[in-house]
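It should be emphasised that the depicted structure is a prediction, and the values quoted were computed from it without experimental measurement.
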Amino acid sequence: MKPTKIRHAWSEHKDFELFRPNGTLNEYIFLHFWNPMRILYKGNNITTFPNACIIFSPGTPQHFGSHEETIHDWVHITPDVAELLDKYNIETDRIYYPKNHGFITDIIRRIEVESRSEGMYSDMICDCLIRELIIRLARAVNSKSDTERLNRQSKEQLKQLRRMLHFDYAKRWDISDMAKCINISPSYLHSAYKKLYGVSPMQDLINIRIEQAKSMLAESQKSIADIAREVGYTSSTHFIRQFSKNVGVSPLKYRQNNLLEHRNVFD
C-alpha cells in the first residue's frame, strides 16, 4: 500500500467546497475532519460532528464543504488497501466517530514525512503506517477508549486549551502555563491531553507551529529567522532542527520544493 497524495492538519478557507461527482479512479481516500463538515452522505446532505472520519471507495461521488475555516487530514491510498479494510471490518463510504481520534493526525503526519523523504525503505515504512492507521481506527470505533474516562468538564477544559494553542501558538508556553490556563495540575494535563488527542500538549504545540511555518515558507518571502520568531521560537537553530524532524526536510528545502511544485503547475 502506498499514499499517492497526503496532507495532515490541512487548512481550508471559508466557504471551501469539494465536488467530485464521479469520485476517484483506483484510489481510496481517508478523510478526518477536525471541524463540523457539510457532506453528501447516502444521498442526503448532513453536517458531521467534529472529528468525523470517512473512507471513500473508488467511484463514490464526493461532495463536502464548510462555510467556516476548517482543518482536516487526508490521504489517497492505492487500491490494495481494500483487503486490509475488509480484514478489520472497516466499511467504506461510512462516517465513523473514533472515540480516541488523536492518533489520526499524528500517523498521517508520519506517513507524509516518510513519503516525502524518499529514504531507504520509505515505501515499506509507509505501508506499515497505513496498516497502523487502519488497525487503530478499527480499535477506536469498535471498543471503549481511555477518552470515556475523562469527565465532561475535563474534556471541555482540554478543548479550550487546544483552541488557545491554535490562536496563540507564538506564546512561550510550557506545561505549567498550559495547566494554569485551565486550572488543572501539569501531571493531569499531560496524561489527560494525550488520552483525548493522542499526543502530548507540547508535541501538539510543536505540530501547530510547524504547520504555521510551512504556510509562511510556501506563501511568503520572510526569512527563516523571522518565521522562526513569529511561530514562537527564540532560536532559529532549534526551529530548523524541530522542523526537519517533523517534516523530513529543512525549512529551506521545503521552500525550494514548494517553489518547484508551483513552477511545475504553471509550466
Side-chain angles (χ1 to χ4, degrees), residues 2-13 16 18 29-32 34 69-77 102-130 132-133 162 165-173 197-267:
K2 295 181 181 180
T4 58
K5 300 175 185 175
I6 184 169
R7 285 290 187 275
H8 76 283
W10 184 255
S11 61
E12 298 286 0
H13 54 76
F16 153 75
L18 184 146
I29 302 180
F30 179 99
L31 290 154
H32 168 224
W34 290 26
E69 292 183 7
T70 188
I71 300 174
H72 61 303
D73 308 298
W74 50 267
V75 53
H76 295 226
I77 308 173
F103 67 91
I104 297 171
T105 302
D106 183 57
I107 293 178
I108 292 181
R109 177 187 63 80
R110 289 156 61 197
I111 297 171
E112 183 178 355
V113 169
E114 193 59 46
S115 65
R116 288 174 174 268
S117 73
E118 298 182 353
M120 185 178 292
Y121 308 126
S122 287
D123 287 350
M124 295 176 65
I125 293 173
C126 286
D127 180 275
C128 290
L129 289 171
I130 291 170
E132 180 183 355
L133 176 65
R162 200 173 197 222
L165 296 182
H166 272 278
F167 284 105
D168 200 8
Y169 52 82
K171 179 179 175 179
R172 295 183 184 179
W173 291 97
Y197 295 115
V199 293
S200 70
M202 291 306 298
Q203 182 58 52
D204 206 14
L205 176 61
I206 290 170
N207 294 343
I208 293 165
R209 286 173 170 172
I210 295 300
E211 287 307 309
Q212 293 296 327
K214 285 165 68 176
S215 295
M216 293 181 189
L217 287 164
E219 298 170 8
S220 78
Q221 296 301 314
K222 293 179 180 179
S223 70
I224 290 172
D226 285 343
I227 291 173
R229 185 170 53 255
E230 289 187 27
V231 299
Y233 289 87
T234 57
S235 164
S236 297
T237 302
H238 186 206
F239 165 68
I240 292 169
R241 184 165 58 248
Q242 282 200 338
F243 188 97
S244 301
K245 179 181 178 181
N246 280 264
V247 181
V249 295
S250 69
L252 180 58
K253 185 66 174 176
Y254 182 85
R255 170 172 275 170
Q256 291 170 342
N257 289 344
N258 273 270
L259 287 173
L260 180 61
E261 288 179 8
H262 183 76
R263 291 194 190 105
N264 289 338
V265 167
F266 291 98
D267 283 349

Subject >> Verdict with reasoning, R116 to V247, per side-chain contact (heavy atoms from CB on, under 4.5 Å) >> reply: CA-CA 8 Å; R116 288 174 174 268; V247 181; 5.6 Å; no
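- The distance from atom CD of Q221 to atom CE of M216, rounded to the nearest 0.5 Å, is 14.0 Å.
- Expressed to the nearest 0.5 Å, how far OG of S250 lies from CG of N257 amounts to 8.5 Å.
- Within 6.0 Å of the NZ atom in K171, the count of heavy atoms belonging to other residues, nucleotides or ligands exceeds 12.
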Using side-chain contact (heavy atoms from CB on, under 4.5 Å), reason through V113 and N246 one step at a time and then give a plain yes or no.
CA-CA 7 Å; V113 169; N246 280 264; 5.6 Å; no
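- Using modelled atom types, one side-chain atom of W173 and one backbone atom of D168 make a donor-acceptor pair closer than 3.5 Å.
- Shortest non-hydrogen contact noted between P3 and V75 is CB-CG2, 3.8 Å.
- Contact annotation: the side chain of E12 never approaches that of L18 to less than 4.5 Å [non-hydrogen atoms, C-beta and beyond].
- For the pair D73 and A9, the tightest heavy-atom approach, listed with the atom from each and the gap, is OD1-N, 2.6 Å.
- Between the S244 side chain and the R241 main chain, no donor and acceptor come within less than 3.5 Å of each other.
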Exercise. Report the C-alpha distance between I107 and I111 in whole Å, list the side-chain angles of each, state the deciding distance to 0.1 Å, and finish with yes or no for side-chain contact (heavy atoms from CB on, under 4.5 Å).
Key: CA-CA 6 Å; I107 293 178; I111 297 171; 4.0 Å; yes
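- Considering only heavy atoms from C-beta on, I224 comes within 4.5 Å of F239 through its side chain.
- Minimum heavy-atom separation, R162 to D204: NE-OD2, 2.7 Å.
- Remark: of the listed residues R109, R110, E211, E211 is the sole one forming a side-chain hydrogen bond (donor to acceptor under 3.5 Å, both in side chains) with H8.
- The structure places OG of S200 at 9.5 Å from CG of L205, a figure rounded to the nearest 0.5 Å.
- When all heavy atoms of V231 and A213 are compared, the pair lying nearest together is CG1-N, 4.0 Å.
- Considering R209, Q242, H238 in turn, Q242 is the only one that fulfils the side-chain hydrogen bond (donor to acceptor under 3.5 Å, both in side chains) rule with Y233.
- With contacts defined as side-chain heavy-atom distances shorter than 4.5 Å, the pair W34/T70 does not qualify.
- Nearest heavy-atom pair across I227 and S220 is CD1-OG, 4.5 Å.
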task = Decide yes or no on side-chain contact (heavy atoms from CB on, under 4.5 Å) for I130 and I77, but give the supporting numbers first.
result = CA-CA 9 Å; I130 291 170; I77 308 173; 4.1 Å; yes
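- Here the CG atom belonging to N207 is positioned 11.0 Å from the CG atom belonging to L165, to the nearest 0.5 angstrom.
- The distance from the CD atom of E112 to the CD1 atom of I108 is 9.5 Å, given to the nearest 0.5 Å.
- Classification of the W74-H76 ring pair by plane angle, with boundaries at 30° and 60°, yields perpendicular.
- The minimum heavy-atom distance linking V249 with F243 is given by the pair O-CD2, 3.3 Å.
- Atom CZ of residue F167 and atom CD1 of residue I208 lie 10.5 Å apart, to the nearest 0.5 angstrom.
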